[in-house]
Chemist: 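Structure provided below as structure tokens; questions to follow.
In what follows, chains carry the letters A, B, and so on, assigned in the order in which the sequence lines appear, proteins first and then strands, with residues in each chain numbered from 1.
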Protein chains: 2
Amino acid sequence: MTGLSRPEARRGASMADVAKVAGVSSQTVSRVANEKTNVDHATRERVLEAMKEVGYQPNHAARALRTGRFKSIGVIVFTLSTFGNMKTLDAITAAAAEVDHTVTVIRIPDPTRGTVSGAYRRLSEQAVDGVVIIFEAHLLDRAEITLPTDQPVVVVDSNAGDGFTVVDTDQTTGAREATAHLLDLGHETVWHISGPEASFSALHRAQSWAATLSERGITPPPVFVGDWTTDSGYRIGKEIVARGDVTAVFAANDQMALGAMTAFHEAGLQVPGDISVVGFDDMEESKAFWPPLTTVHQDFTEVGRLCIQSLMREIETRTHTPGRTLVPTRLVVRDSTAAPKSAA
Amino acid sequence: MTGLSRPEARRGASMADVAKVAGVSSQTVSRVANEKTNVDHATRERVLEAMKEVGYQPNHAARALRTGRFKSIGVIVFTLSTFGNMKTLDAITAAAAEVDHTVTVIRIPDPTRGTVSGAYRRLSEQAVDGVVIIFEAHLLDRAEITLPTDQPVVVVDSNAGDGFTVVDTDQTTGAREATAHLLDLGHETVWHISGPEASFSALHRAQSWAATLSERGITPPPVFVGDWTTDSGYRIGKEIVARGDVTAVFAANDQMALGAMTAFHEAGLQVPGDISVVGFDDMEESKAFWPPLTTVHQDFTEVGRLCIQSLMREIETRTHTPGRTLVPTRLVVRDSTAAPKSAA
DNA sequence: GTGAAAGCGCTAACAC
DNA sequence: GTGTTAGCGCTTTCAC
């Protein structure tokens with residue numbers, strides 16, 4: 001069990017150093033480093049050897065200064081602690097690696113006025129070739145956020161203005177299917193545990209839920225507003241228990257669904273016997289909740305992949321082609337939903 | 001609902017452009033940009049105005065080339081999909097933002113030979129001022145991974161060699177407490193669901209579990225080897241049910257514990273009535289599992305904070321001070337553990 | 001196939 | 001308090 005090894009420390013030999021050792025011009029070293037073809041085989045070998053000897057390491061800054069390309073893409077995100085953001089970032093990172101780019105994350109701690117623009121500006125100071133903004137933004141601040149450059153930008157948020165390239169999951173259809181599923185099972189109405197009011201994803205899901213009810217002539221009951229956390233779901237679950245008249249709940253994410261189920265269990269209610277629950281996200285754990293959770297699956301990997309694809313196209317062609325790509329969701333029916341007792 | 005706004009696109013005015021408009025030297029512009037004090041108030045105002053007029057944006061590459069500092073720290077990670085890695089990255093990102101640094105993530109897709117070194121080398125090409133390596137590495141490859149520069153490095157992995165600055169949670173104590181808790185409850189022995197063999201965290205936890213049993217004169221039963229996923233926990237849970245003689249299980253993470261509990265439920269076993277379960281991690285969701293999971297809490301936020309703190313010190317002082325910092329864990333007792341029936 | 005010269009945008013060092 | 005000079009390490013251009 002050796003652990004890591006650490007060879008002789010040497011700092012940044014330059015092309016000039018290599019050139020001296022190999023007895024060529026630094027230009028030739030550059031050609032070898034960039035795998036250009038017009039270098040004699042013997043010369044190339046000599047240069048390669050010299051590189052090894054002096055411990056050459058390319059200097060990104062110099063290269064970037066010269067070429068104007070950083071081979072890095074920026075990701076602006078408000079939190080990594082939600083399942084969706086984490087998954088999306090993971091996918092973006094993987095997709096970026098495929099095209100030989102790194103990912104620079106800037107996490108905006110508290111999306112209050114000023115902070116956002118400031119942090120964004122900092123990132124946009126050309127240390128990256130393009131930016132993905134994963135929005136879970138507060139309504140108030142959005143109007144303030146301006147994108148100060150002509151840098152390629154992709155926004156993960158189906159509510160960004162028309163000037164943007166947008167990638168998102170099809171939240172509307174997902175929420176509709178979830179609600180319809182419960183209604184089709186025979187529930188008279190469906191209650192909703194939403195995400196925070198400031199979140200556009202939350203808004204979308206809530207709107208779609210309400211619309212689905214309305215279309216069937218059902219007046220949507222009041223919304224329980226959570227904050228995505230298991231804790232908020234638990235707290236709301238207790239309120240729902242206290243009401244006593246709820247048979248079907250659609251939670252805007254799996255974590256709140258989980259919290260609510262815990263409150264139901266504690267109150268001695270059976271899921272789905274006494275009350276049906278649907279989530280949104282389809283976390284890895286959701287299939288192992290008790291009972292296994294019926295939920296709306298989101299394909300975050302695809303979202304990440306499409307972000308990078310769009311971004312790279314904009315970067316390479318230097319064109320800006322606004323447009324909206326919606327990644328389909330699908331309802332995964334498991335064991336947390338059933339017909340209401342009255343209908344059974 | 002306006003969405004984002006996008007002002008007139010303009011690309012990269014330089015300091016020279018600003019200088020021309022403001023009627024000063026570009027050096028003065030630099031001074032203003034860097035908030036040096038020795039600039040006349042009126043001049044500063046003029047420069048600021050000119051910056052706005054021409055749409056000045058600093059060029060990171062040029063600055064980095066000149067100063068040798070990137071204001072970015074690199075994070076090498078094998079996956080973002082585990083709870084711990086994600087949390088740690090989140091904390092690192094937050095801590096880095098505090099000291100005005102961005103975080104460049106490089107995700108090594110498949111830690112096979114060559115890939116690791118290659119990816120590491122790519123990152124280490126001086127686009128960052130220091131590196132955090134979050135290790136969940138395969139044994140085989142570790143020997144191959146060398147750190148080719150004298151760049152500041154912090155490793156999150158209590159098994160890195162002595163030449164490194166190491167930050168990690170105290171896995172040994174955590175696993176010991178978990179095992180002892182079960183034993184103290186009266187269980188005759190404790191079975192273990194481990195993480196993948198290639199993982200050092202998994203190895204630590206398994207070793208500590210075995211040692212705790214041995215110290216009490218108990219021969220450790222065979223280990224069930226999982227892969228951190230809920231699915232593997234579920235699969236192993238079914239094996240455990242089939243054995244019929246297990247009363248206490250310590251899983252190396254919460255997700256596997258969750259999967260196992262699902263298998264137990266399906267088999268009609270009561271947790272903790274028939275079988276007690278302890279996890280490791282203390283995910284946000286764990287308190288809402290059914291039953292709420294007894295588990296070992298890890299303070300990932302602290303780990304991330306310490307990583308950045310150590311790294312910044314090394315960067316700023318240009319010294320390398322190897323050392324090992326262990327962040328304490330603590331056992332959180334909830335409802336998934338109880339005395340065995342025989343003892344009750 | 002190879003080299004010499006120029007310059008990307010910035011800041012450190014020194015002049016005034 | 002401000003300007004001038006030089007050069008970070010690289011690549012582009014143009015010679016040869």
Chemist: Hey, is CD on Glu49(A) packed in by over 12 heavy atoms from elsewhere, all under 6.0 Å?
Modeler: no
Chemist: Measure from CG on Asp40(A) to P on dG3(C) and round the result to the nearest Å.
Modeler: 11 Å
Chemist: Give the nucleotide from the list dT2(D), dG3(D), dT2(C) with an atom nearest to the side chain of Val39(A).
Modeler: dT2(C)
Chemist: Which residue lies toward the 5' end of DNA chain D, His41(B) or Leu65(B), if each is placed at its nearest nucleotide?
Modeler: His41(B)
Chemist: Kindly write out the residues that satisfy side-chain hydrogen bond (donor to acceptor under 3.5 Å, both in side chains) with Thr317(A), not counting sequence neighbours, or none if the list is empty.
Modeler: Thr319(A)
Chemist: Counting C-beta onward and ignoring hydrogens, is there a side-chain heavy-atom pair between Val18(B) and Val47(B) closer than 4.5 Å?
Modeler: yes
Chemist: Using only side-chain N and O atoms of Thr43(B), determine if any of them is under 4.0 Å from OP1 or OP2 of dT2(D).
Modeler: yes
Chemist: In whole Å, I'd like the distance from the CZ atom of Arg46(B) to the C1' atom of dT2(D).
Modeler: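 Value for this atom pair: 11 Å.
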Chemist: What is the separation between atom CZ on Phe70(A) and atom C1' on dG9(C), rounded to the nearest whole Å?
Modeler: 11 Å
Chemist: Grab the NE2-C1' distance between His60(B) and dC8(C) for me, whole Å please.
Modeler: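 Atom-to-atom, His60(B) to dC8(C), this comes out as 17 Å.
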Chemist: If I take atom CD in residue Gln57(B) and atom P in nucleotide dC10(C), what distance separates them, rounded to the nearest angstrom?
Modeler: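 Rounding to the nearest Å, CD of Gln57(B) and P of dC10(C) are 11 Å apart.
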Chemist: Please confirm whether the shortest side-chain N or O distance from Ser25(A) to OP1 or OP2 of dG3(C) is below 4.0 Å.
Modeler: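 So the side-chain polar atoms of Ser25(A) do come within 4.0 Å of the phosphate oxygens OP1 or OP2 of dG3(C), strictly under.
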Chemist: What is the distance, rounded to the nearest whole Å, between atom NZ of Lys71(A) and atom P of dC10(D)?
Modeler: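 Rounded to whole Å, this separation is 16 Å.
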Chemist: Just verifying a value: how many Å separate Met15(B) CE and Ser25(B) OG, rounded to the nearest 0.5 Å?
Modeler: 10.5 Å
Chemist: If the sugar-phosphate is the primed atoms plus P, OP1 and OP2 and the base is the rest, what is the B/S/- string for nucleotides 11-16 of chain C, using protein heavy atoms under 4.0 Å?
Modeler: BBB---
Chemist: Determine whether a donor-acceptor pair (N or O, by modelled atom type, separation under 3.5 Å) exists between the side chain of Asn34(B) and the backbone of Ser30(B).
Modeler: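 Yes, Asn34(B) side chain to Ser30(B) backbone: donor-acceptor pair under 3.5 Å.
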Chemist: Give the intermediate values and the outcome of side chain to side chain donor-acceptor pair (under 3.5 Å) for residues Arg313(A) and Gln309(A).
Modeler: CA-CA 6 Å; Arg313(A) 191 178 44 232; Gln309(A) 185 183 300; over 6 Å; no
